[in-house]
Amino acid sequence: MSTRVRFAPSPTGFLHVGSARTALFNWIHARAVGGAFVLRIEDTDAERSRQELIDDILRTLEWLGIDWDEGPYRQSERRDRHAEAVEQLLAADVAYHDEGAVRFRVPDEGVTGWDDVVRGPIEFENSNLEDFVIRRSDGSVTFLLANAVDDIDMGITTAIRGEDLINTVPKVLLLMRALGAPGDLTYAHLPLLVDHQRKKLSKRRHEVAVEDYRAKGFVAEAVANYLGTLGWGPPDGVEVRPMSEIVERFRLEDVTKASAAFDLKKLTHFNADWIRMLPTDEFIARCEPWLAEAPWPAEHFDAARFATIAPLVQERVRTLAEVPNWVDWLFLADAPHDESSWEKAMVKGPDAGDILDDAHAAFADCTWDAETLGGVITDIGTKRELKTKFAQAPVRVACLGRSVGPPLFESLELLGREETLRRIEAARQRL
Ligand code: GLU
């Protein structure tokens with residue numbers, strides 16, 4: 001029988017990184033074994049069936065590069081089928097009416113268990129399971145019933161999901177068997193995501209929506225790649241790599257039981273790597289929305305000048321959100337003012353005024369290319385017995401505004417002699 005996996009989110013208004021990881025592992029497994037990936041929205045709660053909540057999920061999956069072969073099915077559209085299944089269970093006398101609700105009759109003896117791909121054999125004593133509700137007194141069916149019926153009807157073979165759902169499995173298994181499922185599903189329960197202090201990721205303490213990371217300038221490739229390493233690692237240890245290579249190496253049996261730490265620093269490294277790996281054209285295209293909201297007057301933006309500096313920026317930024325601050329000096333009328341950079345370079349740094357004067361004098365008639373400009377600053381440093389970085393700092397802050405940014409001399413070459421001199425004078429006066 002060919003593998004059919006499903007991702008079955010209950011819409012909550014955003015896609016939690018843990019959920020996204022579940023979606024991704026299902027998708028990777030389906031692709032790895034040549035199976036089908038089915039998307040099913042578990043929206044039996046009226047509250048959860050609002051279209052915009054569902055659209056949030058679809059949009060985020062698409063952004064991550066997760067495509068589905070079937071669906072999205074909506075559980076809320078299958079009410080008749082669920083009602084029918086309840087009747088079937090009542091007719092077989094494995095379910096009964098109880099104060100308006102319908103409950104499933106759990107056997108008093110024996111155990112219900114399965115061999116979890118990640119966690120190994122798990123068993124529950126039936127005597128510890130209560131007769132659980134499958135249809136509430138208001139006529140709505142519960143998650144357990146809908147989940148079991150849909151997995152049967154959709155021919156699902158494999159469920160990869162968060163370990164918080166382990167307790168639901170015995171009940172769903174009992175239901176599926178009673179409904180005449182052709183066999184048990186293969187279950188794989190993924191380890192929880194925790195933070196660096198091993199605390200569960202929570203909405204209150206952490207940024208948990210995939211969208212939050214997108215909004216902070218993370219690229220989809222990096223987020224998907226990083227999520228793919230949470231609980232699984234490739235045998236050769238190379239973690240940053242295209243999804244196709246992860247699919248080639250992934251084996252569900254290799255997923256670890258230990259909780260996986262969601263580490264923002266590591267994600268940021270992945271992001272910087274992925275930004276560097278983009279073709280420069282693509283990097284430029286991805287910067288567009290960020291540049292559109294940047295602090296300079298729109299008419300001052302010059303795409304050709306940005307394209308010239310882009311490769312230098314691409315090499316060094318960690319997120320797309322950093323890009324505007326790396327290039328604003330090129331499109332603002334004056335160098336931006338950053339108080340802490342100014343303090344550091346101009347006030348606390350050695351000889352700032354003298355360095356600016358020397359640079360101004362030498363820049364006035366030297367050849368205008370990065371190499372010459374670099375030589376000029378090195379000479380100023382040598383003359384004043386300062387490390388080159390101290391000689392650079394006042395010039396950088398005078399012209400580019402910040403201590404952190406693209407390489408100074410290439411930047412000055414692009415800024416041009418006239419504007420460089422003007423900015424050095426302005427800084428000199430301010431000092
Ligand atoms: N709808 C469930 C949830 O979002 C997941 C169900 C499943 O994977 O079986 O928690």
Side-chain angles (χ1 to χ4, degrees), residues 3-30 35-50 53-58 60-61 64 66 68 70-79 81-82 85 112 114 116-119 122 124 132 134 140-177 179 181 183-193 200-203 208-210 227 231 252 255:
T3 301
R4 290 172 59 80
V5 304
R6 86 299 196 274
F7 173 53
S10 309
T12 53
F14 64 93
L15 194 65
H16 190 289
V17 288
S19 253
R21 195 266 309 246
T22 300
L24 186 70
F25 277 44
N26 276 291
W27 179 89
I28 293 173
H29 179 62
F37 178 64
V38 177
L39 178 58
R40 180 173 81 226
I41 308 292
E42 302 213 312
D43 62 343
T44 37
D45 275 358
E47 194 30 47
R48 294 191 167 174
S49 66
R50 298 209 324 267
L53 298 190
I54 295 168
D55 290 342
D56 286 339
I57 294 177
L58 305 186
T60 307
L61 291 177
L64 288 169
I66 299 176
W68 47 94
E70 279 177 40
Y73 296 113
R74 288 180 60 163
Q75 206 156 54
S76 59
E77 285 166 357
R78 297 177 35 80
R79 291 212 171 90
R81 199 28 219 134
H82 301 146
T112 301
W114 73 100
D116 198 276
V117 180
V118 178
R119 310 190 62 90
I122 302 181
F124 285 75
F132 55 90
I134 56 176
S140 64
V141 299
T142 57
F143 154 75
L144 298 168
L145 187 279
N147 193 260
V149 172
D150 291 354
D151 279 346
I152 296 174
D153 287 1
M154 295 173 190
I156 300 302
T157 61
T158 311
I160 304 169
R161 55 223 282 267
E163 67 178 16
D164 50 322
L165 288 163
I166 285 180
N167 287 336
T168 67
V169 180
K171 296 173 186 172
V172 171
L173 280 176
L174 287 169
L175 279 173
M176 291 182 78
R177 291 172 188 166
L179 287 165
D184 288 351
L185 295 194
T186 299
Y187 286 100
H189 286 89
L190 303 177
L192 271 185
L193 297 190
K200 190 181 163 191
L201 284 196
S202 84
K203 199 170 153 181
V208 293
V210 174
L227 291 175
L252 196 50
V255 172

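What you see is a predicted model, and the numbers here were worked out from it, not measured in a lab. Any value given below was found using the heavy atoms of this structure, including those in side chains, with hydrogens, waters and symmetry copies removed. Counting convention: from 1, in listed order, for ligands and their atoms alike.
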Per-residue contact class, [X] against ligand 1 - non-hydrogen pairs under 4.0 Å:
X    : answer
T22  : neither
T168 : neither
F7   : neither

Ionic contact status for R78 with D153, cut-off 4.0 Å: yes
Basic-acidic side-chain contact under 4.0 Å: D184, R177: yes
When the side chains of residues 166-173 are checked against the rest of the protein, which donor-acceptor pairs come out under 3.5 Å, sequence neighbours left out?
residue: T168; atom: OG1; partner: R161; partner atom: NH2; Å: 3.4
residue: T168; atom: OG1; partner: L165; partner atom: O; Å: 2.6

Expected output: side-chain D151 to main-chain I156 donor-acceptor under 3.5 Å: no
Mutual orientation of the aromatic rings belonging to W114 and Y187 [parallel < 30°, tilted 30-60°, perpendicular > 60°]: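 W114 and Y187: perpendicular rings.
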Can you name the atoms of ligand 1, numbered from 1 with element, that are less than 4.0 Å from a heavy atom of [X]?
X    : answer
N147 : 6 (C), 7 (C), 9 (O)
R6   : 7 (C), 8 (O), 9 (O)
E42  : 1 (N), 2 (C), 5 (C), 6 (C)

4.0 Å heavy-atom contact, A8 with ligand 1: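 Yes.
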With D116 via salt bridge (Lys or Arg N to Asp or Glu O under 4.0 Å) - residues at least two apart: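 D116 satisfies salt bridge (Lys or Arg N to Asp or Glu O under 4.0 Å) with no other residue.
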